[in-house]
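Below you'll find the structure, written out as structure tokens, and then a few comments.
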Amino acid sequence: MSDAAPGRARRGAAILALAAELARDRLALAGLLGLVLVVVAAIFAPLLAPYDPAAQTVLARLRPPAWLAGGDWSHPLGTDHLGRDVLSRVIHGARATMLIGVGVVALAGTFGVAVGLLAGYVGGRVDGVLMRVVDVQISFPGILLILLIVSVLGPSTTTIVVVLAATNWMVFARVTRGAVLSARRSGYVEAAQIAGCRDGRVIVRHILPNLVSPLSTLAILEFTNVVLAEAAISFLGLGVQPPATSWGLDVASGRDYVFVAWWLVTFPGLAIMATVLCANLLASWLRVTADPQEREKRFARALAARRGRARASREGERTP
Amino acid sequence: MGGYVLRRLWHGFLVVFGVTAIVFVVTRLFGDPVALMLPLSASAEQRAAFAAEIGLDRPLVVQFAWFARDVLTLDFGMSLWQRRPAMEVVFERLPATLLLIGAALGTAMLLAIPLGIAAALRPGGLVDRLVVTLGLVGLSMPQFWLGLLLILVFAVNLRILPTSGSGTPAHLVLPALTLALTPLARLTIMLRSALIEELAKPYVKTARAKGLSAGRVFGVHALRNVLVGFLTLAGWELIVILAGYTVVVETVFAWPGLGLTALQAIQRGDLFLMQAIVFTIAILIVVINIALDVAFKLVDPRISLE
């Protein structure tokens with residue numbers, strides 16, 4: 001591993017193998033592509049959106065989507081009560097979702113992994129105290145406490161990121177600690193310690209790589225939780241504040257027009273659902289793929305299914 | 001058992017203490033309760049008088065001691081919005097929330113069992129794939145959005161159910177269904193995979209080999225073994241709903257429970273009422289957690305209390 005070039009080559013091959021495996025699972029691939037689409041929409045929103053999301057056109061208020069009577073292709077998904085283009089708002093809304101989702105997961109993940117590493121590696125009293133903090137904080141009344149804190153501090157995107165990170169780091173700490181504890185007992189960590197590696201090196205080179213697969217699945221799942229929480233908080237009016245856009249916020253403002261303009265609540269909500277669904281599909285594939293035991297089960301199931309089909313076709317019950 | 005309950009009570013005390021400390025730090029050190037609760041038009045004298053009334057002119061240690069005393073005696077002061085003790089409002093609204101949560105979780109559990117079994121009978125089959133896909137879709141739906149869609153379909157287009165409010169059983173249907181979706185999806189997916197795992201175990205083969213009917217193998221042997229995991233997850237769902245998602249659903253359907261009251265308290269700057277709600281829910285969660293753990297221990301001898 002000390003020689004960089006073969007290591008990189010091997011890693012490249014591993015990534016290629018992983019990509020090939022992903023390509024075989026159509027649902028997971030769709031999930032990944034969907035997420036990429038959301039990221040692209042978030043980054044290039046001003047280029048992709050046909051209009052400024054805040055631009056109001058009084059003459060074109062509450063226009064329905066293009067395929068309905070009264071709609072036209074200048075506003076493909078229609079306009080809202082202020083004549084703002086729904087499509088442009090949905091594209092721009094991806095920014096808040098990605099910024100908050102990725103920001104919270106990065107913040108909470110970094111802090112949680114650090115705490116988990118410390119607790120798992122040092123052990124003893126430090127471990128006891130840290131895990132007690134995790135246990136206690138997990139029993140807090142989540143969203144309600146967040147609403148109280150945000151309402152006192154004043155709602156803004158920064159507040160949301162900090163508060164959601166402060167209430168979501170515990171899972172990362174727990175998973176990390178568990179993985180560290182099992183890695184510590186393994187022969188190779190002991191060997192590294194006997195060989196004289198410093199603690200930092202043991203953690204970074206020998207323990208952290210074990211954490212990559214459980215943590216990446218966890219990070220994606222937490223991302224879905226954060227996206228849903230942000231949408232809910234913004235929907236309640238305590239998250240992203242106008243004039244900024246957020247899908248949750250747009251559903252909230254469309255709520256008053258739900259009887260006359262169904263498209264106002266439908267499209268931003270659809271965007272939230274599609275984003276979270278894509279992440280869930282990717283996560284469930286990753287969870288199985290990164291776990292050798294689950295892989296074995298999947299392999300056995302596929303084999304059994306193939307046999308079952310073969311038998312069925314032999315008996316003439318079903319055509320293959 | 002006694003020692004275990006004592007340890008859990010200590011843990012519960014730490015939870016309530018933690019919530020107290022956080023609420024105190026956020027409201028007194030980062031926020032300004034006076035600016036939050038009094039209208040902009042309040043004069044400087046009124047502000048000073050209010051600050052003295054809630055003890056803001058005292059040293060922080062004294063303030064915290066008073067605050068902790070209030071929490072311990074469940075005395076959160078007068079609700080500024082309703083002009084009566086905050087706890088009175090809480091006790092008045094709590095039953096509606098519990099009714100909604102009970103209906104939602106009951107629906108979710110009753111539907112999850114047949115769906116999970118149907119999926120587990122033929123892993124990889126059509127029913128299984130359908131259930132798993134729908135489950136993932138259900139997990140991905142924001143509840144407030146689902147609520148609005150249900151209103152659109154059943155109240156606006158079909159006109160068979162009321163849009164919002166409470167009073168008749170018909171008012172309960174849409175909010176309970178909305179609140180049930182996420183737990184239903186999670187419980188079904190969990191039950192499915194636990195059952196598939198359980199059915200692959202040797203004792204199931206033995207039971208089948210000695211000629212027991214599929215219903216008996218399934219209902220008596222396999223289902224019983226996965227039931228504790230299922231109920232544990234259901235308990236966890238109860239806590240998650242209580243801790244927040246009921247706020248969203250109650251707001252969408254104007255259901256007069258604690259969640260809607262919490263949001264109204266925030267909108268009116270009624271900090272005392274909000275604190276009363278947060279602490280009531282925190283204590284409820286602690287009590288439910290202890291009760292569930294003890295109940296599972298009594299039911300299932302495999303669970304160790306350590």
Side-chain angles (χ1 to χ4, degrees), chain A residues 27 31 132-133 135-154 163 166 224 227-229 231-233 235-238 247-248 251-252 254-255 258-259 262 265-266 268-270 272-281 283-284 297 300-302 304-305 308, chain B residues 11-12 14-15 17-19 22-23 26-27 30-33 36 123-125 132-133 136-137 139-146 148-149 151-152 156 163 196-197 200 239-240 242-248 251-252 259 262-263 265-267 269 271 274-275 277-279 281-282 284-286 289:
Chain A
L27 280 178
R132 178 45 68 87
V133 172
D135 280 348
V136 166
Q137 214 192 322
I138 277 183
S139 312
F140 280 7
I143 297 272
L144 261 182
L145 196 59
I146 292 175
L147 292 181
L148 173 70
I149 294 174
V150 169
S151 70
V152 171
L153 297 184
V163 172
T224 65
V227 168
L228 287 177
I233 296 170
F235 174 77
L236 294 174
L238 291 161
W247 292 333
V251 174
R255 198 184 149 198
V258 75
F259 301 101
W262 56 267
V265 296
T266 306
L270 213 54
I272 303 172
M273 193 187 90
T275 307
V276 175
L277 184 62
C278 286
N280 271 329
L281 288 175
S284 67
K297 271 191 240 163
R301 268 204 300 275
Chain B
H11 177 256
L14 285 181
V15 170
F17 180 80
V19 174
I22 287 181
V23 170
V26 168
T27 53
F30 290 109
D32 180 1
L36 195 72
V132 171
T133 312
L136 276 182
V137 171
L139 277 184
S140 311
M141 266 201 189
Q143 280 177 326
F144 57 88
W145 187 61
L146 174 71
L148 288 172
L149 290 190
I151 290 180
L152 260 176
V156 179
T163 53
I196 290 178
E197 202 145 302
I239 286 165
V240 173
L242 201 57
Y245 281 104
T246 170
V247 180
V248 179
T251 307
V252 170
L263 193 72
I266 288 176
Q267 284 161 351
L271 188 59
M274 186 61 191
Q275 283 175 359
I277 294 173
V278 168
F279 279 104
I281 298 290
L284 261 182
I285 289 178
V286 166
N289 260 328

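Below, chain A is the first sequence line, B the second, and so on; all start at residue 1. Scope of the values below: all heavy atoms of this structure, side chains included, with no hydrogens, waters or symmetry mates.
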Tell me the closest heavy-atom pair linking A:V258 and B:L152, and the distance in Å.
O-CD2, 3.4 Å
As an exercise: rank A:W247, A:F140, A:F259, A:W262 by heavy-atom pairs under 4.5 Å with chain B and give me the winner.
A:F140
Single hit among B:V19, B:L284, B:L242 for side chain to side chain contact (heavy atoms under 4.5 Å, CB included) with A:P141
B:V19
B:W145 (side chain) donor-acceptor with A:V265 (main chain) under 3.5 angstrom
yes
Looking only at heavy atoms and a cut-off of under 4.5 Å, which of A:T275, A:D135, A:T224 has the most pairs with chain B?
A:D135
Which atom names give the shortest non-hydrogen contact between B:V278 and A:L144, and what distance separates them?
CG2-O, 4.2 Å
Out of A:G154, A:S139, A:G248, which one racks up the most heavy-atom pairs below 4.5 Å with chain B?
A:S139
With a 4.5 angstrom heavy-atom cut-off, is it the side chain or the backbone of A:A229 that approaches chain B, or both, or neither?
both
Heavy-atom proximity to chain A below 4.5 Å, by part of B:I285
side chain
Start with the C-alpha gap between B:Q267 and A:L236, add the side-chain angles, then the distance that decides, and say whether side chain to side chain contact (heavy atoms under 4.5 Å, CB included) holds.
CA-CA 10 Å; B:Q267 284 161 351; A:L236 294 174; over 6 Å; no
Could you look at B:V156 and say if it's the side chain, the backbone, both or neither that has a heavy atom under 4.5 Å from chain A?
side chain
Between B:I239 and chain A, which part of the residue has a heavy atom less than 4.5 Å away: side chain, backbone, both or neither?
neither
Flag the one option from B:I151, B:V252, B:L146 with the top tally of heavy-atom pairs under 4.5 Å to chain A.
B:V252
Quick check: do A:L228 and B:F144 have side-chain heavy atoms less than 4.5 Å from each other?
no
Is the shortest side-chain heavy-atom distance between A:F235 and B:L148 below 4.5 Å?
yes
Between A:G142, A:A232, A:C278, the one whose heavy-atom pairs under 4.5 Å with chain B are most numerous
A:A232
Any heavy-atom pair between the side chains of A:L145 and B:V23 that's under 4.5 Å?
yes
Among B:V248, B:N289, B:L271, B:L136, residue most engaged with chain A (heavy-atom pairs, under 4.5 Å)
B:L136
Drop me the distance from B:T27's OG1 to A:I149's CD1, to the nearest 0.5 angstrom.
10.0 Å
How close do B:S140 and A:N280 get, heavy atom to heavy atom, and via which atoms?
OG-ND2, 3.1 Å
With only heavy atoms counted, which part of B:I266 is less than 4.5 Å from chain A, the side chain, the backbone, both or neither?
side chain
pair A:L147-B:M274: side-chain heavy atoms closer than 4.5 Å
yes
Measure distances from B:A262 to the heavy atoms of chain A and classify the residue's part below 4.5 Å as side chain, backbone, both or neither.
side chain
Sort B:V286 into side chain, backbone, both or neither according to what part of it lies under 4.5 angstrom from a heavy atom of chain A.
neither
Can you say whether B:L139 sits under 4.5 Å from chain A via the side chain, the backbone, both, or neither, judging by heavy atoms?
both
Go through the atoms of B:Q143 and report whether side chain, backbone, both or neither lie under 4.5 Å from a heavy atom of chain A.
neither
Residue pair B:L14 / A:R132: nearest heavy atoms and the distance that separates them
CD1-NH1, 3.3 Å
